[in-house]
Amino acid sequence: MDNAVESLAGLSVTNGWASSAPNLQRNLGILSSEEIGLAMMLLREGQKHLFDHWPEPGVDDKRKKGFFDQVAQLNANYPGGLASYIQNARKLLADSKAGKNPYDGFTPSVPTGEVLTFGNDNFMMLEEAGVREARRAAFVLVAGGLGERLGYKGIKLALPSETTTGRCFLQHYIESILALQEASCRLVQGQCEAEIPLVIMTSDDTHESTLLLLESNYYFGMKTTQVKLIKQEKVACLTDNDARFALDLNDKYKIQTKPHGHGDVHALLYSSGLLNSWQSAGLKWVLFFQDTNGLLFKAIPASLGVSSTKGYHVNSLAVPRKAKEAMGGITKLTHTDGSEIVTNVEYNQLDPLLRATGHADGDVNCETGFSPFPGNINQLILDLGPYIKELSKTQGAIAEFVNPKYKDSTKTSFKSSTRLECMMQDYPKSLPPSAKVGFSVMDKWLAYAPVKNKPEDASKVPKGNPYHSATSGEMAIYKANCLILRKAGVHIADPVTDIFNGQEVELWPCITWSPKWTSTFRDVKRKVGECCSISQRSSMIINGQNIFLDGLSLDGALVVNANDQAEVKVTGYVQNKGWALEHVDYKDISIPEETRIRGFKVCKIEQLEINYADPGKFCFKS
Ligand SMILES: O=c1ccn([C@@H]2O[C@H](COP(=O)(O)OP(=O)(O)O[C@H]3O[C@H](CO)[C@H](O)[C@H](O)[C@H]3O)[C@@H](O)[C@H]2O)c(=O)[nH]1
């Protein structure tokens, strides 16, 4: 209650300040001094309509108090309080009504960044540098989004990233962080007891389910003390250009609220005190990532290596972007005053910005078949020191925007209430020109395959553009694993194409491995020997740290499970009926939702499964 609440000193509640809201005025006697302070602020900020329906004292008094509880919470959750929120909203709504371009005065151009080529010497050098640094990193997963475009009923973190093992996104992320932690400690000489912290930003929509998922799976092997959940709160909805708050349609003592966006993560990290505690513990890097990208950890070691070797304060991961693809473009913006920034321009703003600055065709592909602007995958790596310095100035407040859907061209009323929003990737926008801001571009097959779109929408994506569906997200994992093994010398048959839920995809052998098998390409090369081959209809799960493939020829399904102390060499010819993908329709509600949204289920017809539960050195020859 320290901001935006009027001091009552010298003010009498009978002096008429509430006369513009007679129904509130009649109820002043039931309110505490704190509540009166909030009421004054609301009237001063043009919100008297909130009290128009208030009955006489004695009627609904509890609910009136409840109203102020919510106002107090909304006030405390926004940097500068509700008065700042309303003032910011009025300004942004006026700009929006006037059709003001948020990038007025800026000319966009294509920036240059680090372009990485998977598997070459530079890539492997960067991966090693990144793994070395990982023990000084903290990971922050933003997972407060409802995932409306996917339409899945549960939280997205609980969705299987792929169905051969059923490993869900959260399990995959946690195991990948633990694998990096171990690999990092192995690289440095002497004692290393690093425990990489993981923070998960949740919201009311995802908090309970995320906690339940963690608790019912023993935090997927992570220490409970390593994981922290921070919950973002929603912000007040606005009904008109004067930023008057919307009341909840079902409860007139409640202000309608909606999510404020992933940009909240900065303010929450700042206010949680975690950043300072990480700094005191000697950490150097903060890595932000999103809820459904099964490939991401293949790109993390090398990109952290870029941050450390280049000394970047901010490093955004990017992949080649198809024009109009729903990912922001990394853009160099040059102001008329000569200043420059390299930042994300969100996908809905890139096209108008380009058109307004002399590119008549807007957001289109160039001769490479891709947009010239690299696509932001919202994986940011920040240097903790400069990050804390910047946040102590801003308290983590991030530039906001508003996106009202107007009823008509007069732009005076909205189709439904709107609110201010903010994005985590806008953090660099407020940095001084001296900040070292860069980005790293990787192959899309290696780094980016999110699960965002429901089948019916994915099937309508223009040919050649990515589906970003549960189907494509899973297929991308098999493809990436195959391409990595190919690069390491394994002979892998070409994929076939198939159609699931109306989406044509490449079907590669279904190969997966637990994150502890390998964190880097050098490690893959070390674990894959001569003359291995895998046929197109094959599936393979490698589940263990010290499993080596040497002279293996696979035509069917193979599962290898080995304890960390078991060193297992797998060789010889394995052939069986294997596993098949059976088509299912997303409309068939007799099938579990997480299966039908990908359009297939795995039928495990026949497989060879070998298990090593004891320590020792083993060779399996089929
Ligand atoms: O209030 C929110 C909204 C979203 N999220 C989380 O933020 C992440 C991203 O949300 P969306 O998937 O809805 O994001 P968009 O697809 O709209 O876009 C974002 O991700 C894209 C890449 O996936 C591009 O990088 C784009 O520039 C960036 O804004 C998810 O993990 C989501 O759970 C929150 O934590 N809180």
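Counting convention: from 1, in listed order, for ligands and their atoms alike. Computation of the quantities below employed the complete heavy-atom set of this structure, encompassing side-chain atoms and omitting hydrogens, waters and symmetry-equivalent molecules.
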Give the residue, atom name and distance (to 0.1 Å) of the protein heavy atom nearest atom 17 (O) of ligand 1.
Tyr347 OH, 2.8 Å
Looking only at protein heavy atoms, identify the closest one to atom 6 (C) of ligand 1 and say how far it is in Å.
Val142 O, 3.7 Å
Answer side chain, backbone, both or neither: which part of Pro450 comes under 4.0 Å from ligand 1, heavy atoms only.
neither
Does an N or O anywhere in Gly261 fall below 3.5 Å from an N or O of ligand 1?
yes
Ion pair check, Lys479 and Glu506, cut-off under 4.0 Å:
yes
May I ask which of Glu148, Met327, Arg149, Met423 has a heavy atom nearer to atom 15 (P) of ligand 1 than the others do?
Arg149
Part of Ile377 within contact of ligand 1 (heavy atoms, under 4.0 Å)
backbone
Whether Phe118 and Phe123 hold their rings parallel, tilted or perpendicular, with breakpoints at 30° and 60°
perpendicular
Salt bridge or not between Arg149 and Asp457? Use side-chain N to carboxylate O under 4.0 Å.
no
Report, as yes or no, whether the 6.0 Å neighbourhood of atom NZ on Lys411 holds more than 12 heavy atoms from other residues, nucleotides or ligands.
yes
Classify the angle between the aromatic ring planes of Phe297 and Tyr173 as parallel (below 30°), tilted (30 to 60°) or perpendicular (above 60°).
tilted
The atoms of ligand 1 lying under 4.0 Å from a heavy atom of Ala143, numbered in the order shown, are 33 (O), 35 (O)
Any heavy atom of Tyr448 closer to ligand 1 than 4.0 angstrom?
yes
Could you check whether Asp264 pairs with Lys231 (Lys NZ or Arg NE/NH1/NH2 to Asp/Glu carboxylate O, under 4.0 Å)?
no
Are any of the side-chain nitrogens in Lys258 or Glu421 under 4.0 Å away from the carboxylate oxygens of its partner?
no
Any chance the side chains of Glu233 and His260 put a donor and an acceptor closer than 3.5 Å?
no
Pair Tyr467, Ser459 - check side chain to side chain contact (heavy atoms under 4.5 Å, CB included), show working.
CA-CA 7 Å; Tyr467 301 117; Ser459 63; over 6 Å; no
Charged N to carboxylate O under 4.0 angstrom, Asp104 versus Lys100?
no
What is the nearest protein non-hydrogen atom to atom 14 (O) of ligand 1, stated with its residue, atom name and distance?
Lys452 NZ, 3.5 Å
Could you tell me the residue and atom name of the protein heavy atom closest to atom 5 (N) of ligand 1, and the distance to it rounded to 0.1 Å?
Gly145 N, 3.4 Å
Ligand 1 versus Gln425, non-hydrogen atoms closer than 4.0 Å: side chain, backbone, both, neither?
side chain
Checking a contact table here: which protein heavy atom is nearest atom 35 (O) of ligand 1, and how many Å away?
Gly144 N, 2.7 Å
Does this structure show an ion pair linking Asp240 with Lys97, if we count only N-O contacts that are shorter than 4.0 Å?
no
Going by the order shown, which atoms of ligand 1 are within less than 4.0 Å of some heavy atom of Gly328?
24 (C), 26 (C), 27 (O)
Which ligand 1 atoms, with their elements, are less than 4.0 angstrom from a heavy-atom of Met201?
35 (O)
Option nearest atom 24 (C) of ligand 1 (shortest heavy-atom distance, choices Asp426, Asn376, Asn378)
Asn376
When only distance counts, is Ala326 in polar contact with ligand 1, meaning an N/O pair under 3.5 Å?
no
Show which atoms of ligand 1 fall inside a sub-4.0 Å distance from at least one heavy-atom site of Asp291.
30 (C), 31 (O), 32 (C), 33 (O)
Test: Lys298 and Glu127 ion pair at under 4.0 Å:
no
Is Pro259 close to ligand 1, meaning an N/O of one under 3.5 Å from an N/O of the other?
no
Give the residue, atom name and distance (to 0.1 Å) of the protein heavy atom nearest atom 10 (O) of ligand 1.
His262 CD2, 3.8 Å
Which residue and heavy atom of the protein sit nearest atom 2 (C) of ligand 1, plus the separation
Gln232 OE1, 3.4 Å
Between the side chains of Asn465 and Glu325, does any donor sit under 3.5 Å from an acceptor?
no
Please write down residue, atom name and distance for the protein heavy atom closest to atom 27 (O) of ligand 1.
Glu346 OE1, 2.7 Å
Considering only heavy atoms, which of His260, Arg321, Gln290 lies nearest to atom 19 (C) of ligand 1?
Gln290
